Amino acid sequence: MQPVLSLNGITKFYGKIQALNNVSFDVPEGSVFGILGPNGSGKTTMLGIVMDVLKPTSGSFEFFGKPATSILRKDIGTLLETPNFYHYLSGERNLAIAAEIKGKGRENIPAALEKVNLTERRTSKFSTYSLGMKQRLAIASALLGNPTVLVFDEPTNGLDPVGIAEIRELIKRLAGEGKTIIMASHMLDEVEKVCTHVAIMKRGKLLASGPVDEILVNEDIVEISANNL
Ligand code: ATP
């Protein structure tokens, strides 16, 4: 099957600091693709390049077999950090504002709320939501343009155990519905539980990538990556 995304020799310097060093991997369609690595390993930089908010210093990548252009990349839904929702407005109203800001139509709001199991609580104020519900609303916001690819940066960061379980379940459900999900994580057990594929990063270099059940059985790689996790 054609990969959704192919990265070829991506290198990124911030001035003299090298954040990514010749990274190449393929993201298969329908996968939950984890980018696993400790702080500073280059995960956020990698996601920024995929989402067209950062330019690589060198290297190229393809989106569905074609050179990635900004237009094609509009088909990516993103969750970088929990958006600044209005606490005194309902979940539904917050999504309407998010749709306006992102230039997406409002017609996808009911489906997005349904996908994240917030239909029943759509008229409740955001301030009454649990941490998991707040993050699910953020994912609903990422779903507004009905994108085929979702990019999440550490989607369970800062959540309580119930919220973490909810978000992990939701990610698996979205993948089951055909979305491809690329997510950064610094938690080995999260990648084991949620992801089908993984790229292991350390200090800007790719240590290994492929299906989780092939890569995470390699004790050397797990140990090297786990040292700082
Ligand atoms: P974290 O989980 O802490 O965000 P990360 O794995 O996402 O870490 P990056 O944030 O991509 O890693 O950082 C990779 C390297 O690039 C680090 O050494 C970091 O200090 C550096 N870096 C990141 N952003 C910038 C920037 N805007 N200017 C200079 N250096 C940067």
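Hydrogens, waters and symmetry mates are skipped; everything else that's a heavy atom, side chains included, is used. Order of listing sets the numbers, starting from 1, for every ligand and every atom in it. Keep in mind the model is a prediction, meaning the values are calculated, not measured.
- For the residue pair N8 / S24, no side-chain donor-acceptor distance below 3.5 Å is found, with atom types taken as modelled.
- For K125 and Y88, the positive end is not near the middle of the six-membered ring at less than 6.0 Å and at most 45° from its axis.
- Taking 4.0 Å as the cut-off, G37 does not count as a neighbour of ligand 1 on heavy-atom distance.
- Taking a distance limit of 4.0 Å, we find that atom 6 (O) of ligand 1 is approached by some protein heavy atom.
- Protein heavy atom at the shortest distance from atom 17 (C) of ligand 1 is G40 O, 3.8 Å.
- The side-chain tip of K66 does not point at the ring of F63 from less than 6.0 angstrom away and within 45° of straight on.
- Checked against a 3.5 angstrom limit, the closest N/O atoms of A19 and ligand 1 fall outside it.
- For atom 19 (C) of ligand 1, no protein heavy-atom neighbour is found at a distance under 4.0 Å.
- Considering only non-hydrogen protein atoms, atom 12 (O) of ligand 1 sits nearest to G42 N, 3.0 Å.
- In this structure the side chain of S141 reaches within 4.5 angstrom of the side chain of L95, judged on heavy atoms.
- Ranked by closest heavy atom to atom 11 (O) of ligand 1, the top entry among I35, N157, L20, T45 is T45.
- The shell of residues lying under 4.0 angstrom from ligand 1, judged by heavy atoms, excludes G15.
- Near S41, the atoms of ligand 1 lying under 4.0 angstrom from a non-hydrogen atom of the residue are 5 (P), 6 (O), 12 (O).
- Among all heavy-atom pairs drawn from K172 and V194, the shortest one is CG-O, 4.2 Å.
- Here the closest heavy-atom approach between residue P38 and residue K43 is recorded as O-NZ, 3.0 Å.
- You'll find the side chain of T180 stays beyond 4.5 Å of the side chain of L150, heavy atoms only.
- For atom 4 (O) of ligand 1, the closest heavy atom belonging to the protein is T44 OG1, 3.2 Å.
- Relative ring orientation between F33 and F25 is described as parallel, the plane-to-plane angle staying below 30° on a 0-90° scale split at 30° and 60°.
- Residue contacts with ligand 1 for P38 involve N, CA, C or O but no side-chain atom from C-beta outward (heavy atoms, distance under 4.0 Å).
- Evaluated by nearest non-hydrogen atom to atom 3 (O) of ligand 1, the leading choice among I17, N39, D153 is N39.
- Checking I139, L174, I167 one by one against V116, the side chain to side chain contact (heavy atoms under 4.5 Å, CB included) holds for a single residue, I139.
- Protein heavy atom at the shortest distance from atom 26 (C) of ligand 1 is Y14 CD2, 3.5 Å.
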